[in-house]
Amino acid sequence: MDERGLHRLIGTIIDPERLDDDCAVIPCGDRLMVASTDMLHETTDFPAGMTDWQIGWMATAVTLSDVASMGAAPGEVLLAVGLDRPERLSGIMEGARDCCTRFGAELVGGDLDAHRELTIVSTGLGLVAPEHLVRRRGARPGDVIAVTGPLGEAEAALAGYDRHRRELLEPQPRVREGQALGRAGVSAMMDISDGLVLSLHDLLAVNDCGFSVDTARLPLPAGVPEDEGRELALYGGGDFELLFTAPPDILPVPGVEARVIGEVIPERTVLADGEPLERRGYLHEWKG
Ligand SMILES: Nc1ncnc2c1ncn2[C@@H]1O[C@H](COP(=O)(O)OP(=O)(O)O)[C@@H](O)[C@H]1O
Ligand SMILES: Cc1ncc(C[n+]2csc(CCOP(=O)(O)OP(=O)(O)O)c2C)c(N)n1
Ligand SMILES: [Mg+2]
Ligand SMILES: [Mg+2]
Ligand SMILES: [Mg+2]
């Protein structure tokens with residue numbers, strides 16, 4: 001069983017449409033509030049050698065990335081820390097605060113508990129005008145598929161390509177880009193935390209069309225042999241670029257570097273160079 005299977009179970013208990021996007025969407029006066037919460041653990045998410053400051057930064061960045069993927073401006077972040085050793089707390093909190101400051105958010109609260117394995121839950125809130133909200137649903141045949149930057153870098157670092165360690169350990173959420181893309185009217189958007197192919201399958205699940213990518217157009221991680229780089233770009237997790245679809249005539253969006261990697265097609269499938277792509281990527285799994 002993997003997390004997507006369990007999402008279907010959650011969708012029998014709460015409104016399943018609530019699970020379709022990177023954030024929950026909540027009416028808030030004349031605007032919409034978006035809310036994301038994400039849990040990270042020492043063993044699964046914090047590679048050896050990572051500093052406490054980087055742990056706080058990463059925990060915050062992953063949530064701000066979800067806020068950005070809806071086209072929203074980040075507002076507040078809360079950080080719940082299941083702490084294994086008290087001396088780690090200040091580094092973690094400083095990393096979280098610095099990430100908030102860098103991206104225009106404020107760290108306003110959280111929770112603290114003793115826990116055997118360092119576990120952090122970050123919650124991010126953001127605001128967006130209803131006409132600028134972007135959801136995962138909305139792609140139309142004829143739209144292009146694009147990404148905001150290189151893919152596979154975090155996984156390349158885990159494979160030993162040390163030049164990408166900073167991308168792995170201090171991910172940069174595309175906060176400014178997400179808002180600019182929302183204002184420009186892109187048709188669907190999400191972040192790529194679980195890898196490009198799995199993300200395309202997530203888009204497939206909530207759209208009535210399909211997605212065809214051209215691997216020659218993928219922005220590959222620098223300094224990695226091409227074949228390995230292509231695998232990392234397709235299936236590697238831990239990248240926090242935005243994946244979006246858009247009518248071709250709205251690109252380029254001023255101030256946003258984006259690479260077109262394919263197009264939205266009427267057939268309900270995910271293709272690379274014309275061949276179906278298996279649904280594989282970074283997934284939490286349970287044995288048995
Ligand atoms: N345990 C849960 N209960 C309710 N909603 C959940 C739960 N887990 C995930 N979701 C919702 O499902 C959607 C997708 O979550 P997830 O796959 O974690 O997205 P992301 O990779 O963008 O963080 C989000 O809207 C999230 O709020
Ligand atoms: C050991 C390790 N493997 C991979 C990564 C890269 N990484 C950071 S977050 C993440 C995936 C996203 O985390 P997840 O818990 O799935 O959050 P969500 O997709 O809900 O945002 C990955 C693969 C890492 N930091 N450490
Ligand atoms: Mg996401
Ligand atoms: Mg999540
Ligand atoms: Mg994930």
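When a ligand or atom number is given, it counts from 1 through the structure's own listing order.
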For ligand 1, which atoms, with element, lie under 4.0 Å from some heavy atom of S193? 21 (O)
For R135 and V25, run side-chain contact (heavy atoms from CB on, under 4.5 Å): C-alpha distance rounded to whole Å, both residues' side-chain angles, the deciding distance at 0.1 Å, then the answer. CA-CA 10 Å; R135 312 198 82 134; V25 180; 3.4 Å; yes
Of the N, O or S atoms in D194, the one nearest the Mg ion (ligand 5): OD1
With no hydrogens and no angle check, do the side chains of S36 and D66 hold a donor and an acceptor under 3.5 Å apart? yes
Charged N to carboxylate O under 4.0 angstrom, R85 versus D52? no
Taking side chain to side chain contact (heavy atoms under 4.5 Å, CB included) as the criterion, tell me which of L78, L79, V77 meets it with V108. L78
Within-shell test, M39 vs ligand 1, heavy atom, strictly < 4.0 Å: no
I need the single residue from D21, D22, D191 that forms a salt bridge (Lys or Arg N to Asp or Glu O under 4.0 Å) with R136. Which is it? D22
Report, in ascending order of atom number, the atoms of ligand 1 lying under 4.0 Å from any heavy atom of D22. 22 (O)
With heavy-atom distances below 4.0 Å as the criterion, list the atoms of ligand 1 near D21. 13 (C), 14 (C), 24 (C), 25 (O)
Are the charged groups of D15 and R18 less than 4.0 angstrom apart, N to O? no
Look at the N, O or S atoms of E3, main chain and side chain alike, and state whether any lies under 2.8 Å from the Mg ion (ligand 5). no
Report the nearest protein non-hydrogen atom to atom 5 (N) of ligand 1: residue, atom name, distance rounded to 0.1 Å. L19 CD2, 3.4 Å
Exercise check, heavy-atom protein proximity under 4.0 Å to atom 12 (O) of ligand 1: yes
Can E42 and T119 be counted as having a side-chain donor-acceptor contact under 3.5 angstrom? no
Are more than 12 heavy atoms, taken from residues, nucleotides or ligands other than E257, located less than 6.0 Å from that residue's CD atom? no
To the nearest 0.5 Å, atom CD of E76 lies from atom CD of E106 at 7.0 Å
Closer than 2.8 Å to the Mg ion (ligand 4), do we get an N, O or S atom from D38, backbone or side chain? yes
Going by the order shown, which atoms of ligand 1 are within less than 4.0 Å of some heavy atom of H7? 8 (N), 9 (C), 14 (C), 15 (O), 16 (P), 17 (O)
Among all the protein's non-hydrogen atoms, which is closest to atom 7 (C) of ligand 1, and how far away is it? I10 CD1, 3.8 Å
Residue from R140, R137, R268 passing salt bridge (Lys or Arg N to Asp or Glu O under 4.0 Å) with D208: R137
Which atoms from ligand 1 have a heavy atom of D38 less than 4.0 Å away? 23 (O)
Less than 4.0 Å is my threshold; does some heavy atom of R18 fall inside it relative to ligand 1? yes
If the cut-off is 4.0 Å to any non-hydrogen atom of D66, which atoms of ligand 1 fall inside it? 20 (P), 22 (O), 23 (O)
Interfacing atoms of ligand 1 (cut-off 4.0 Å, heavy-atom, R136): 19 (O), 22 (O)
